[in-house]
Amino acid sequence: MWPIVWTAVRTYAPYVTFPVAFVVGAVGYHLEWFIRGTPKPKQEEKSILEMREDRKLQEQAGMDSTQVLSLKDKLEFTPKAVLNRNRSEKS
């Protein structure tokens, strides 16, 4: 009789083990949430780009946006062209 039972169990093992594994997994899942408690909502962290934009907006809040440098003032600080770097200033 036992060889017939073991043959049947071996033949139908996938049909038996899947529901058992499903029930064990579901019980374990709910037991874990019962022990841990309900999850607390996390605050979303701002990305570095968003923090940078916020910081720039705060810096500009106290400044007068109508007072800007003229283009002539800005051109003094621009680097010389790449091809002119090795040439002497005299020529």
Side-chain angles (χ1 to χ4, degrees):
M1 180 71 180
W2 282 107
I4 296 172
V5 170
W6 290 119
T7 305
V9 169
R10 190 175 352 158
T11 305
Y12 298 109
Y15 304 109
V16 174
T17 56
F18 178 74
V20 171
F22 185 79
V23 169
V24 169
V27 169
Y29 176 80
H30 291 292
L31 183 64
E32 181 179 348
W33 281 113
F34 178 74
I35 292 171
R36 283 189 178 183
T38 57
K40 297 174 184 168
K42 294 183 179 178
Q43 293 180 350
E44 292 185 17
E45 294 182 15
K46 291 185 177 180
S47 68
I48 294 175
L49 183 61
E50 290 173 338
M51 289 189 299
R52 180 175 182 256
E53 289 175 354
D54 290 343
R55 180 182 50 82
K56 284 191 164 204
L57 285 173
Q58 288 175 355
E59 287 175 358
Q60 287 182 349
M63 296 174 57
D64 185 12
S65 60
T66 60
Q67 301 295 327
V68 293
L69 290 174
S70 68
L71 286 177
K72 291 180 183 177
D73 294 336
K74 288 184 180 181
L75 288 177
E76 291 179 10
F77 298 109
T78 57
K80 295 182 180 179
V82 174
L83 298 176
N84 291 333
R85 286 187 181 177
N86 294 332
R87 295 185 181 169
S88 64
E89 295 291 328
K90 295 178 184 175
S91 58

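Note that CZ of R55 is 10.0 Å distant from CE of M51, once rounded to the nearest 0.5 Å.
The number of heavy atoms from other shown groups lying within 6.0 Å of CG (L57) is above 12. Remark: R36 CZ is loosely packed, at most 12 non-hydrogen atoms of other residues, nucleotides or ligands lying under 6.0 Å away. Annotation for E44: atom CD does not count as buried by contact number, only 12 or fewer foreign heavy atoms lying within 6.0 Å. Within 6.0 Å of CD1 in I48 there are 12 or fewer heavy atoms belonging to other residues, nucleotides or ligands.
In terms of heavy-atom proximity, T7 sits nearest to T11 at O-OG1, 2.6 Å. The minimum heavy-atom distance linking P19 with P14 is given by the pair CD-O, 4.5 Å.
Using cut-offs of 30° and 60° for the angle between ring planes, the W33 and Y29 rings count as perpendicular.
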